[in-house]
Colleague: 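My questions will all concern the structure given below.
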Amino acid sequence: MKEGLNMEEVVHDHERRITILEEQYKQVGIKLNEVEKGQYRLENTVTSEFRENRGLLNRLIENQFKLDKQKMSSKEKITLAIIALLSGGLGAGGIVSLVLAFIK
């Protein structure tokens with residue numbers, strides 16, 4: 001024990017320090033709750049952003065492969081085949097005529 005302090009002063013000093021520690025512990029608890037709330041808000045924000053991004057990605061995929069999902073009528077299929085055949089034939093014919101022009 002310190003010189004000059006009686007038992008009553010020592011007990012009063014301990015009580016004062018205990019009261020200070022209790023108040024500090026209470027403040028730490030409040031700050032911890034605030035941190036937990038912030039983490040929950042952050043988690044909810046990330047989750048909602050992920051859902052939104054997933055929805056946008058699904059829409060992008062649907063639009064990208066829209067032709068695959070559409071059912072073409074037989075008339076459209078025939079028209080598409082004729083266009084492909086003519087463009088291939090004309091392309092090959094154009095190449096052959098260029099080759100013949102350079103040979104002559």
Side-chain angles (χ1 to χ4, degrees):
M1 257 194 329
K2 294 181 182 178
E3 295 290 326
L5 292 178
N6 64 20
M7 186 56 84
E8 186 176 322
E9 290 173 337
V10 171
V11 169
H12 181 66
D13 186 50
H14 280 289
E15 287 179 6
R16 183 183 60 78
R17 289 189 291 162
I18 289 172
T19 304
I20 291 171
L21 288 173
E22 286 174 342
E23 183 62 32
Q24 290 174 347
Y25 183 75
K26 182 177 162 184
Q27 293 299 324
V28 168
I30 290 170
K31 289 180 181 181
L32 181 61
N33 284 337
E34 291 174 2
V35 169
E36 286 176 349
K37 287 178 186 177
Q39 286 179 333
Y40 287 131
R41 284 193 304 268
L42 180 62
E43 182 181 344
N44 288 337
T45 301
V46 169
T47 303
S48 66
E49 289 292 324
F50 176 73
R51 283 188 196 127
E52 183 179 331
N53 287 343
R54 185 175 50 185
L56 291 173
L57 184 60
N58 286 339
R59 283 183 31 206
L60 177 66
I61 290 171
E62 284 179 23
N63 289 336
Q64 187 70 25
F65 297 107
K66 194 172 186 178
L67 290 176
D68 291 340
K69 290 183 179 183
Q70 287 180 350
K71 295 195 177 203
M72 295 179 145
S73 68
S74 57
K75 184 178 180 181
E76 290 172 326
K77 288 179 185 178
I78 292 171
T79 304
L80 187 60
I82 290 172
I83 291 171
L85 187 64
L86 288 177
S87 64
L90 292 176
I95 293 172
V96 170
S97 64
L98 283 175
V99 170
L100 290 176
F102 280 113
I103 293 176
K104 291 183 181 182

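Sequence positions, counted from 1, serve as the residue numbers for this chain.
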Colleague: Return the OH to CG distance between Tyr25 and Leu32, rounded to the nearest 0.5 Å.
Modeller: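 That separation rounds to 9.0 Å.
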
Colleague: Kindly indicate whether the side chain of Leu21, heavy atoms from C-beta on, has any atom under 4.5 Å from the side chain of Gln24.
Modeller: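 Sidechains of Gln24 and Leu21: in contact.
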
Colleague: Please enumerate all residues that pass salt bridge (charged side-chain N to carboxylate O under 4.0 Å, His left out) together with Arg16, with sequence neighbours excluded.
Modeller: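 Per chain and number, Arg16 pairs via salt bridge (charged side-chain N to carboxylate O under 4.0 Å, His left out) with Asp13.
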
Colleague: Would you indicate whether Glu8, at its atom CD, is surrounded by more than 12 heavy atoms from other residues, nucleotides or ligands within a distance under 6.0 Å?
Modeller: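 No.
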
Colleague: Taking everything shown except Arg51 itself, do over 12 heavy atoms lie less than 6.0 Å from its CZ?
Modeller: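 Atom CZ in Arg51 is not packed in, count stays at 12 or less.
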
Colleague: Examine the side chains of Glu23 and Gln27 and answer whether a donor and an acceptor come within less than 3.5 Å of each other.
Modeller: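 Distance-only check passes for Glu23 and Gln27.
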
Colleague: Out of curiosity, Asn33 CG to Lys31 NZ, how far, rounded to the nearest 0.5 Å?
Modeller: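 Those atoms lie 12.5 Å apart.
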
Colleague: Give a yes or no on whether the backbone of Val46 and the side-chain of Glu49 come within a donor-acceptor separation of less than 3.5 Å.
Modeller: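 Side chain of Glu49 to backbone of Val46, a donor-acceptor pair under 3.5 Å: no, none is there.
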
